[in-house]
Amino acid sequence: MKKKLLAMLCCMTLAAASLTGCGGGAAETGAEATGTDAAGADAAGADTQEPAASGGDVKIALITMDSIDQHWVTLNEGAQEAAAELGVTVDFMAPNTKDDAQQIECVNNAVAGGYQAILVAANGPDAISSALKEASAAGVKIVYVDSPANVDAEATFSTDNKAAGTTAGQEMIKALEAAGTTSGDIGIINVNAATDSCVMREEGFRAAFEGSSFNILETQYGEGDAAKSQSIAENYITQGVVGIFGCNEGSTTGAGNAIKAAGNSGIIGVGFDKSDAIQNLIKDGYLLCTMAQNPDVMGYEGVKAAVAAVNGESLGGKVTDTGVSVIDAAGLGEGAADAALNSTTTASQEWKIALITMDSIDQHWVTLNEGAQAKAKELGVSVTFMAPNTKDDAQQIECVNNAVAGGYNAIMVAANGPDAISSALNEAAAAGVKIVYVDSPANVEAEATFSTDNKAAGKTAGEEMIKALEAAGTTSGDIGIINVNAATDSCVMREEGFRSAFEGTDFNLLETQYGEGDAAKFQSIAENYITQGVVGIFGCNEGSTTGAGNAIKAAGNADIIGVGFDKSDAIMNLIGDGYLLCTMAQNPDQMGSMGVEACVKALEGESLGGAVQDTGVSVLTK
C-alpha cells in the first residue's frame, strides 16, 4: 500500500512539474472533447476505488504513441463517438512525440488520476510493460488499440499488420514489374525496432520479396518523424533504390516528400496509414499506394470493450482484426471509391434492396441479414432476405431473377460460386439493378465488395493449428480439410491460406473433401478423416467447422486439433467443451450494414468505383 501511494504521489509530482509530457495539453484536449476535467479524481481515491457499475461513472484514458499523427487523431474520434453513445468519459492523454518515458508517465498519471480503464497503443512492447502491470495490479482494465505490449489485456483491436505488410510488398512488386523492373534495391523506413505493429509490417513486407531478385536494404529508423524519414529516404534515393516502403504515417509521408523533391516518380513508394498529406502524394504520383487502417474502429470498439470489462464482463483477451484497405490513385479524387465509402448518405426514397446469400440457415448469413436490416431501418429503405434454404446455384440464380422481376433497385449478393451466377447478375446489371457483394463476389463488376481477407484469415487458422500441435509435441501427421465446394471464392481462398501456413513443415495435408453445405455430410467426412488417424481438421465455413467439432466430440478424442471459420452458438459450445481449438470469426453484421449503405449510395448516384473493403476477422478461443 505504501509503495502504491508513493508511486501515485510521484506521478502527481511529475504531472505538475512537466506539462510537456502527458499531464498537460494532451489531457486538456481530451477534457474539452468530453466536457470533463481530466485530472478530476483524487489520487488517493485510486487506491480504493472500485470499478464503475454504470456507464456514466466510467473514466477511460486513451494513450496512443503520440497525439499528432492523423492516425491517432482519428482513433480518438472513434473513441469519443463510443464514449458519447455509452455516456462515459474518455480523455486523450497521449504524449506529443513518440517517447517511451512520456508514455510511461501517461500510464502512471492515469492510475493516479483514478481512471478505471486504459486504452493504449504501446510505443514498444517491453518499455511500457512494467507500468501497465502496476496499473493492472491497481485494478485498471487494459485494452490495446493498434499496438499491444507484453502484458495480458482484456482485448486487442488492431490490424493484421504482417498480412498488410505482405500486401504492401506485393503491390510494390506488381508496380515494379509492370514498369519492367525485375531487380534492384528497396529501402525500408521504420519507426524503431521495438514497436510491434511496425515490426510486423516490415516482416510481412520482406516476406513478399522472398524468392525475387530484389535486394532489401538494411532498415533505417526515423522515430515516426516525417522530416527525419524524408532525410533517410533522400539518402536511399542517392543510392539508386527502385522502391521505398514506409511503415507508418510519418515514414510514408517522408518517403513521398523525398521522391517528390527528387522529381523521380519512377521510384515506387508504398506506405501505411491515411492522412491528407499521404493522399495528396498518391494523387500527385509520388506514392503508389498506402495501406489504410481503420483507427476509428479501433477507438470505437476499444471503448466498448473497456466499458464491458469495467462492468465485470470477461472478454478473454480476444484479438480483433479491424481490417485494412489499399488506397491508390484510382481510389482518390472526385467520386473516389474510398471517399464515397466513408461519406454519409441519405435515401431520397424507399429503395428496394434484395439480400441474396448462399443460404438462409447458417448463423453467419442470419447475422449478416441482421446488420443489413438495422442499416435499412436507419436509412429508411427496404431490404428483403431472399436467400435459398440450401447452397444451390440454380436456386440462387432464381433468387436473382425474381429480384429483377420484382422491381428491386439493388441486389446484395454472396455468390455461391463466382461463375454460375454471373450470367444472371449481368442481366440484372443490364436492367439497371445495382450489384454489391457481401462475403463472396462473383465474376461480374459490382459497385463495391465487403468481405474478409479470406486468404490471410485462412493462413492465421493454419498458424493457430500448428502452434497447438507443436505445443502438444506433435510435429508431423496428416491434416484433413473440409470445404463447401471447389468454386465458392471465399472458402477457396481460406483453404489456400491455410495450406500456405504448412509450407516447409513435416505435416501432410490430405486431399480436400467437399460437403456442399450439408451438416450431416460434413460430420461424416470428418469421421472418415478421424479413422485415418489425422492429427488435425480444418473446416472452411460454419457447417464444416460444426461437422468437424461434432465428429471429434463423437470420437471422444479431444487431442485432434479442430480449427474452423465463423461464429455460431454450436461452434462456441464446441470450443468451450474442448472439441475445437478456435474459429476465425468474421464480422457479417458489418458486411450487411456496409453493403446496404453502399447500395443506397449507388442508387443515389454516387460512384463507389468497385471498392473492396476488408471487414476484419477475430480468432475466438476457449
Side-chain angles (χ1 to χ4, degrees), residues 71 74-75 78 157-161 163-164 167-168 170-171 272-274 279 282 289-301 320-333 335-345 353 355 357 364 367-369 371-372 374-376 378-379 410-415 418 434-442 444-457 489-490 493-494 584-604 606-618:
H71 178 78
T74 304
L75 193 150
F157 299 91
S158 62
T159 302
D160 183 340
N161 286 290
T167 298
Q170 291 167 342
E171 292 294 322
F272 252 85
D273 296 328
K274 173 184 165 186
Q279 290 182 81
I282 291 172
C289 62
T290 190
M291 307 300 109
Q293 303 178 85
N294 295 302
D296 53 336
V297 176
M298 297 178 194
Y300 183 88
E301 296 296 335
T320 298
D321 173 16
T322 49
V324 71
S325 306
V326 179
I327 295 181
D328 57 17
L332 294 172
D338 184 71
L341 283 179
N342 289 308
S343 66
T344 57
T345 190
I353 301 169
L355 171 58
T357 55
H364 178 78
T367 304
L368 193 151
N369 178 48
K375 181 58 70 173
E378 178 187 325
L379 296 177
I411 295 174
M412 285 166 59
V413 61
K434 303 295 184 182
I435 308 298
V436 170
Y437 294 126
V438 285
D439 187 272
S440 300
V444 175
E445 289 184 3
E447 304 297 323
T449 301
F450 301 93
S451 63
T452 302
D453 183 339
N454 287 291
K455 187 174 181 179
D489 182 76
S490 56
M493 288 296 101
R494 292 167 196 170
M584 308 298 110
Q586 303 178 83
N587 295 303
D589 53 337
Q590 287 187 32
M591 296 179 194
S593 176
M594 296 168 78
V596 169
E597 190 162 13
C599 284
V600 173
K601 287 176 179 178
L603 290 166
E604 295 291 338
E606 290 189 48
S607 173
L608 305 181
V612 177
Q613 178 77 50
D614 174 15
T615 49
V617 71
S618 308

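This structure is a prediction, so every number in the text was calculated from the model and none was measured.
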Taking side-chain contact (heavy atoms from CB on, under 4.5 Å) as the definition, give me every residue that meets it alongside [X], ordered by chain and number, with sequence neighbours left out.
| X | value |
| --- | --- |
| Ala372 | Leu355, Val383, Met412, Val596 |
| Ala163 | Asp160, Ala456 |
| Ala442 | Ala415, Ile421, Ser422, Leu425, Tyr437 |
| Ala410 | Ile353, Lys434, Cys599, Leu603 |

Using the test side chain to side chain donor-acceptor pair (under 3.5 Å), find all partners of [X] that sit at least two apart in sequence or belong to another chain.
| X | result |
| --- | --- |
| Gln170 | none |
| Thr452 | Gln586 |
| Asp489 | none |
| Thr367 | none |

If you define the side chain from C-beta out and look only at heavy atoms, does anything of [X] sit under 4.5 Å from [Y]?
| X | Y | value |
| --- | --- | --- |
| Val438 | Leu368 | yes |
| Glu301 | Thr320 | no |
| Asn294 | Gln613 | yes |

Test salt bridge (charged side-chain N to carboxylate O under 4.0 Å, His left out) applied to Lys375 - qualifying residues, sequence neighbours left out: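 So Lys375 forms a salt bridge (charged side-chain N to carboxylate O under 4.0 Å, His left out) with Glu378, Glu597.
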
Partner residues of Asp439 under the salt bridge (charged side-chain N to carboxylate O under 4.0 Å, His left out) criterion, sequence neighbours left out: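 Salt bridge (charged side-chain N to carboxylate O under 4.0 Å, His left out) check on Asp439 returns Arg494.
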
From CE (Met591) to OG1 (Thr357), nearest 0.5 Å: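 Interatomic distance, Met591 CE to Thr357 OG1, rounded to 0.5 Å: 12.0 Å.
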
